[in-house]
Amino acid sequence: MTEIQPIIRLENIDVTFEQKKQSVKAVKNVSLDILPGDIYGIVGYSGAGKSTLVRTINLLQKPTHGNVVINGTYLAKTTDNKENYIASKELRQQRKKIGMIFQHFNLMNERTVAENVLFPISHLKLSKSQRKDKVNELLELVGLANRANAYPSQLSGGQKQRVAIARALASEPEILISDEATSALDPKTTNSILQLLKKLNIELGLTIVLITHEMQAVKEIANKIAVMEDGEIIERGSLLEIFTAPQKQLTRDFIDTATNLEDGLRKVKSQTAIKNLQAPDIFVQLSYAGASTDQPLITSLFKDFNVTANVLFGNVEILQETPVGTLLAILSGKDTDLTAAINSIKKQNVKVEILKGELA
Amino acid sequence: MTWINRTFPNVIQLGWSSDLGWGTAIYQTLYMTFVSAIIGGLLGLIFGFGLVLFAEDGILANKPIYWILDKIVSVFRAIPFIILLAFIMPFTNFLVHTTIGVNAALVPLSLGVFPFYARQVQNALVSVDDGIIEAAQSFGATTFEIIFKVYFRESLADLIRVSTVTLISLVGLTAMAGAIGSGGLGNIAISVGYSRFEADITFVATLLIVIFIFIIQFVGDFLAKVSSHK
């Protein structure tokens, strides 16, 4: 069996900006393989270098060092410590296979929706009816079929992003780069755009690279995640791996924000039940992924160990059809019962973290 | 008619089609304005686009070319027009073999207006969102497409607005050129009306220039409005 070839391969990418007196390394020795059909989320705070990194994929940002390989074609290659780039004519051909959408949509204000959508294929010299068909087909795909003759200023943010997606798909690319595409949209619209991206991923087999500073966006649709900080990828893996076993503090912060745990914890901690917690009661965080969610955990605590659980906060995420949950609860009971209960919970692959109180 | 004859005696006397007639003057002003607008406008467009495309963050970033364009524009922009008229006379003579009349005026008028227009074009183009240019690049657009289909189209309304402003200041320049003998309404207002103390002639010449400028402003505003969809 042959291994699946990555559609995007970044090898040892450096991007250095030469400023007046100093040089700033925006991306440091990053390597990344993205497979066909992936929705790859790249998460990081602004300034982490994620936009710069992703712009090397279509050479909007030329890497100072490293290889950019798209579908086997080298767009940038380091030989003998010198960086070489593909000729500009071939680069334009390659760019047509890589669609891109942006935070601020970047539609041409003076052109209609139809003209915007056709812009990337204006070199094709289509007949009037072919153009009309193409526009209809693309707008149908993004759910905006009746707005072909509107100008961008007449559209809402979500509609503009749909037009931008239709435009990015006009040249039938295999890759779509989304640069903070939902960051300027409200939560409801964000969700509808993400669902649209997911649909395109499934129906067209589109490979999507999703940059964002919101883990929520990634959580909805990505199958893989890389977390960037200070120009480097500090952690990467499948969505489930990252969410259930994050290794780095930054990753944990992102996840806690995305699952509302951060918020929940803050509110719960200010409750009197926690402030006046009496020994031997303990305040715990239970985290679980997959099948263990189905076990009637709380009920069995009482039935088997005589331990009562006062659940103060709960959250369940369905990540790629796998439930991932977090509970914040006060467990009360006798010393020995509590210890036995905790051990039993741990055996069921549930992570237990004691946030306040001690086991005897 | 007698009222007009009494109030504007010299205006009527000047006639329509003589060398200093009203018809001739109007024609000369229109001729100087539009021909130098075309020559100076083309130069201004070329320099204005150059200043944006070759700038440090432009799509054809090139420091030396930008430096040269920038300096040429700055130097010509710094020379007061009335001095430019005298200063480039030898060059005018070389180019059109005369230093008087409307054709001679075209040279300083074009050179006088182009740096002003170039800066205005530069400002109009700079206001096109960088993101739109980046998007076009990401779709594999050629430099030619980015110049004409993106920069030009996206800033068209602004270009029309700055062209209107430039055209109006150009009418002002033709009046100044007229004062030193190139003909036109400015010539009549100064060398006839003012010099011979025939105030009615100055009045009518000024009125005509004002009407001309109002028409330009009106047409410019209208075109800018219909070409904008922001």
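Chain letters run A, B, ... following the sequence lines, proteins first and then strands; every chain starts at 1.
- Annotation: B:Phe214, atom CZ; neighbour count of heavy atoms from other residues, nucleotides and ligands within 6.0 Å does not exceed 12.
- At most 12 non-hydrogen atoms from other residues, nucleotides or ligands lie less than 6.0 angstrom from CD1 of B:Ile100.
- Residue contact with chain B, scored on non-hydrogen atoms closer than 4.5 Å, involves the backbone and the side chain of A:Ala168 alike.
- Under a cut-off of 6.0 angstrom, the local environment of CD in A:Gln130 is crowded, with over 12 non-hydrogen atoms contributed by other residues, nucleotides or ligands.
- Contact annotation for A:Leu107: only backbone heavy atoms (N, CA, C, O) come within less than 4.5 Å of a heavy atom of chain B.
- When heavy atoms are compared at a cutoff of 4.5 Å, A:Ile98 approaches chain B solely by way of its backbone atoms N, CA, C and O.
- Counted within 6.0 Å of CZ on B:Phe218, heavy atoms from surrounding residues, nucleotides or ligands total 12 or fewer; the atom is thus considered open.
- The environment of B:Phe81 atom CZ is dense: over 12 non-hydrogen atoms of other residues, nucleotides or ligands sit within 6.0 angstrom.
- Within a 6.0 Å radius of CZ in A:Phe17, other residues, nucleotides and ligands contribute more than 12 heavy atoms.
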Pull every donor-acceptor pair under 3.5 angstrom between chain A and chain B and give the atom names with distances.
residue: A:Arg55; atom: NE; partner: B:Glu134; partner atom: OE2; Å: 2.6
residue: A:Arg55; atom: NH2; partner: B:Glu134; partner atom: OE1; Å: 2.9
residue: A:Arg55; atom: NH2; partner: B:Glu134; partner atom: OE2; Å: 3.3
residue: A:Arg95; atom: NH1; partner: B:Gln137; partner atom: O; Å: 3.3
residue: A:Lys96; atom: NZ; partner: B:Phe139; partner atom: O; Å: 2.9
residue: A:Asn106; atom: ND2; partner: B:Gly131; partner atom: O; Å: 2.9
residue: A:Asn109; atom: N; partner: B:Glu154; partner atom: OE1; Å: 2.9
residue: A:Asn109; atom: N; partner: B:Glu154; partner atom: OE2; Å: 3.4
residue: A:Glu110; atom: N; partner: B:Glu154; partner atom: OE2; Å: 3.1
residue: A:Glu110; atom: O; partner: B:Arg153; partner atom: NH2; Å: 3.2
residue: A:Glu110; atom: OE1; partner: B:His229; partner atom: N; Å: 2.8
residue: A:Glu110; atom: OE1; partner: B:His229; partner atom: ND1; Å: 3.3
residue: A:Arg111; atom: NE; partner: B:Lys149; partner atom: O; Å: 3.4
residue: A:Arg111; atom: NH2; partner: B:Lys149; partner atom: O; Å: 2.7
residue: A:Ser122; atom: OG; partner: B:Glu145; partner atom: OE2; Å: 3.4
residue: A:Ser122; atom: OG; partner: B:Lys149; partner atom: NZ; Å: 3.4
residue: A:Tyr151; atom: OH; partner: B:His229; partner atom: NE2; Å: 3.3
residue: A:Ser153; atom: OG; partner: B:His229; partner atom: O; Å: 3.0

